[in-house]
Number of protein chains: 2
Amino acid sequence: MKAKKRTTIYDIAEKLNITASSVSRALNNSSHVNEETKKLVLKTAAELNYKRNILASNLRKGESKTIGIVVPRINQNIFSNVIAGIEETTYSKDYNLIICQSNESHEKEVKSVNALINQHVDCIVISVAAEGSDYSHLQNVIDHGIKLIQFDRVADDLETLKVLNDNHQASLEGITHMIEQGYKRIALLEGPQNLDIFRQRKQGYLEALKLHNLPVINELIIENAWTKELGADATRKLLNLPEPPDAIFASTSDFSALGVLEVATSMGIKVPSDLGILGYSNEPFTELTSPSITTIDQFSHYMGKTIANLYFQESENKESPIVPRTISVKPKLIIRASTSRRSYQ
Amino acid sequence: MKAKKRTTIYDIAEKLNITASSVSRALNNSSHVNEETKKLVLKTAAELNYKRNILASNLRKGESKTIGIVVPRINQNIFSNVIAGIEETTYSKDYNLIICQSNESHEKEVKSVNALINQHVDCIVISVAAEGSDYSHLQNVIDHGIKLIQFDRVADDLETLKVLNDNHQASLEGITHMIEQGYKRIALLEGPQNLDIFRQRKQGYLEALKLHNLPVINELIIENAWTKELGADATRKLLNLPEPPDAIFASTSDFSALGVLEVATSMGIKVPSDLGILGYSNEPFTELTSPSITTIDQFSHYMGKTIANLYFQESENKESPIVPRTISVKPKLIIRASTSRRSYQ
DNA sequence: ATTTTTTGTGCAATCGATTGCATTTTTAAA
DNA sequence: TTTAAAAATGCAATCGATTGCACAAAAAAT
């Protein structure tokens, strides 16, 4: 069956012997149409199964009621939750979401962002890929008059709306907790340091050590260990040191922490008694492992709602320019078995 | 900073003293433009930071190069993988994806589908919500000349392109495996029977029992136990029966299987020796639980690629009408600890 | 009864890109 | 050198909805 031609406002107009203008006004519930015609139009529209052509409408109005989202991966806890949070709010306002994944590739991120600019989205919400440090594509978004909201992983020197976690604080609390549990040689698995969030987590780690007069041991700090595999590799290296750590903070993700746990288990090292493990993100699986993994919850769903609200707030006062500002959400330490050698065990 | 006006083909045309037609042709790499002008246009376009207005382009061409996807939840393994699979293929062809979640609500599904029709997407890919059995909104998609591809959970009486798992076969194999492991009283946690996939899984279960001359015991078949909580409730009920089952097939999902495992563990029932557990979907967490959960992998990423290819295949021969057909992907039983009382343990 | 205001419609331009047809320019063939 | 063919460009309509302006009809005010 061939695609039939769709009903347009002209079809409705013709049938009712009025102009398309009136039909348009009726459909938009304008006050400049007679109640009678309005009813008639709506009825006929329903009869003819009319669907407004958003392309035409948006072209004319210069808006798209669409928000583009670019995240590294949609199936990571924080991102799918943020998306769900955004959706809840935007859905009720008849906005569409276009979701893109960068797969941590800078090139794909750039292409996605450009595609969204092409689409004339009203706003782009992004958490940048680990790869890359050139953010001219984001500047480009702003230059095109499209609102830009960054979250979690942000390009810090770009002045935009930002919704963040207080990574420093979370990290500080996590390490403090470990120290209180009696861990003394705490290793750090770092994420790519070009990303602010990972730098902050490192700062929190360093500060916690300092506050408790613990030395910073460079061989216990491992760069770029942010997947499960890299976390596992790093752990093998660490546990084979002459003086191995008694705890590992997988600051990059719970996936990395999972790698740590698996290696430790396979090496016969007891968690949490011989080795404490702290992850990051509160992925659902962290409460399923044995022992369950202590981690940090980012309130990602709430972040999503915050982002959406921020957008609508900004849209309302169209005249005033956007004041770049940062909203910081305080994450929460979720204490589980993998660090609880005093209380738990 | 106010949104500056964007560069259009007219701006380029004016600057080069040619017409917009030529600019358009140059940008579309038409053979009807001089190589020189083509180069010049491309250069100027880059200089002026030109971005084609897809709204205008699509309006004119009557296509949108956009595929809409509606799934119950994007953070469920099968769905996020299918989406990723679709994206890989469509991305290289410059297609956009609009992703909607129905959250298992029929009403939201209908609204999402209508929004996608409004958007003039070229194709809608859907896995229907558990709720609801009226599929006129899908008929509506077809009536609007939009391609419709259903996957996994489908409205069976609607004649469309379908990409499915062979649920019956998978279920049959899973139960056969359990029987071979010596389980004799195997309970079934059913999903909503208005969905074909759950009916098929039940059929597979029944057939396996029959093949091995095992009786069908009605009190071991529990309706609608398809979340973690419902799975847990069902398990409590089952294990408190005078003659409790020695195995449970959570045919609905691994989440349900997880509920089973947690209840069993808390009741001190040993898995797999006292109770076998089989899940469905191969969620990532199933290999992390202890014991790890035997489950069925649906090759969801591959399904996604299949869906995308199916679409492009159909788009190519525009003339011939769409022949409704079904592609069935054979799932794979992943044997883990939760059912391995012979070999493993 | 006349003027003013309100309300409802229509007209026509607009958003930006595309494309069939006509026209001009260039190139090749006779 | 003239003619035919090919290549490049321009013109103008089109996709469908929206909206400022003009105008007519109806209602309200004088």
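Note on naming: letters A, B, ... go to the chains in the order of the sequence lines (proteins, then strands), and numbering restarts at 1 for each one. Computed over heavy atoms, backbone and side chain alike; hydrogens, waters and symmetry mates excluded.
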Student: Scan for salt bridge (charged side-chain N to carboxylate O under 4.0 Å, His left out) pairs involving residues 106-115 of chain A, sequence neighbours excluded, and state none if there are none.
Tutor: A/Lys108-B/Glu87

Student: Nearest-Å distance, CD (A/Glu14) to C1' (D/dG16)?
Tutor: 15 Å

Student: Check each residue of residues 43-58 of chain A for a non-hydrogen atom within less than 4.0 Å of any atom in DNA chain C, then write out the ones that pass by number, or none.
Tutor: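 Close to the strand, none.
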
Student: Among residues at least two apart in sequence or on other chains, which ones pass salt bridge (charged side-chain N to carboxylate O under 4.0 Å, His left out) with B/Arg325?
Tutor: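 Result, salt bridge (charged side-chain N to carboxylate O under 4.0 Å, His left out) vs B/Arg325: B/Glu314.
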
Student: Hey, what are the protein-to-nucleotides 6-10 of chain D N/O distances that come in under 3.5 Å?
Tutor:
from	atom 1	to	atom 2	distance (Å)
D/dT9	OP2	B/Asn34	N	2.9
D/dT9	OP2	B/Thr37	OG1	2.9
D/dG10	OP2	B/Thr19	N	2.8
D/dG10	OP2	B/Thr19	OG1	2.5
D/dG10	OP2	B/Ser22	OG	3.0
D/dG10	O5'	B/Thr19	OG1	3.2
D/dG10	N7	B/Arg25	NH2	2.9
D/dG10	O6	B/Arg25	NH2	3.0

Student: From CG of A/Leu16 over to P of C/dG10, roughly how many Å is that when rounded to an integer?
Tutor: 10 Å

Student: Expressed in angstrom and rounded to an integer, what is the separation of A/Tyr10 atom OH from C/dA12 atom P?
Tutor: 13 Å

Student: Rounded to the nearest Å, what distance is computed from the CG atom of residue A/Leu40 to the P atom of nucleotide C/dG8?
Tutor: 15 Å

Student: For B/Asp156, which residues count as a side chain to side chain donor-acceptor pair (under 3.5 Å) partner, sequence neighbours excluded?
Tutor: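 Listed in chain order: B/Arg199.
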
Student: With A/Leu40, which residues qualify under side-chain contact (heavy atoms from CB on, under 4.5 Å), at least two apart?
Tutor: A/Leu16

Student: Report the distance from atom CD1 of B/Ile9 to atom P of D/dA12, rounded to the nearest whole Å.
Tutor: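 Taking atom P of D/dA12 as the reference, CD1 of B/Ile9 is at 16 Å.
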
Student: Any pair with a residue in residues 95-104 of chain B that passes salt bridge (charged side-chain N to carboxylate O under 4.0 Å, His left out), sequence neighbours left out, goes on the list, sorted by first then second residue, please.
Tutor: B/Glu104-B/Arg153

Student: Scan for ring pair (Phe, Tyr, Trp, His ring centres under 6.0 Å) pairs involving residues 93-114 of chain A, sequence neighbours excluded, and state none if there are none.
Tutor: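 Checked against ring pair (Phe, Tyr, Trp, His ring centres under 6.0 Å) - neighbours excluded - the pairs reaching residues 93-114 of chain A are A/Tyr95-A/Tyr311, A/Tyr95-A/Phe312, A/His106-A/His137.
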
Student: Check for a donor-acceptor pair, side chain of B/Asn53 on one end and backbone N or O of B/Leu55 on the other, with a separation under 3.5 Å.
Tutor: yes

Student: Mind checking salt bridge (charged side-chain N to carboxylate O under 4.0 Å, His left out) for B/Lys38 and listing every partner two or more places apart, or none if nothing turns up?
Tutor: B/Glu35

Student: With a cut-off of 6.0 Å (strictly less than), are more than 12 heavy atoms of other residues, nucleotides or ligands near CD of A/Glu14?
Tutor: no

Student: What's the CG-P distance between B/Leu27 and C/dA17, to the nearest Å?
Tutor: 8 Å

Student: Apply salt bridge (charged side-chain N to carboxylate O under 4.0 Å, His left out) to A/Glu36 and list each qualifying residue two or more places apart in sequence or on a separate chain.
Tutor: none

Student: Considering only side-chain heavy atoms of B/Lys61, which listed nucleotide, D/dA17, C/dT19, C/dA17, is closest?
Tutor: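 Nucleotide nearest to B/Lys61's side chain: C/dT19.
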
Student: Looking at residues 115-123 of chain B, who's got a heavy atom less than 4.0 Å off DNA chain D?
Tutor: none

Student: Considering residues at least two apart in sequence or located in another chain, which fulfil the salt bridge (charged side-chain N to carboxylate O under 4.0 Å, His left out) criterion with B/Lys147?
Tutor: none

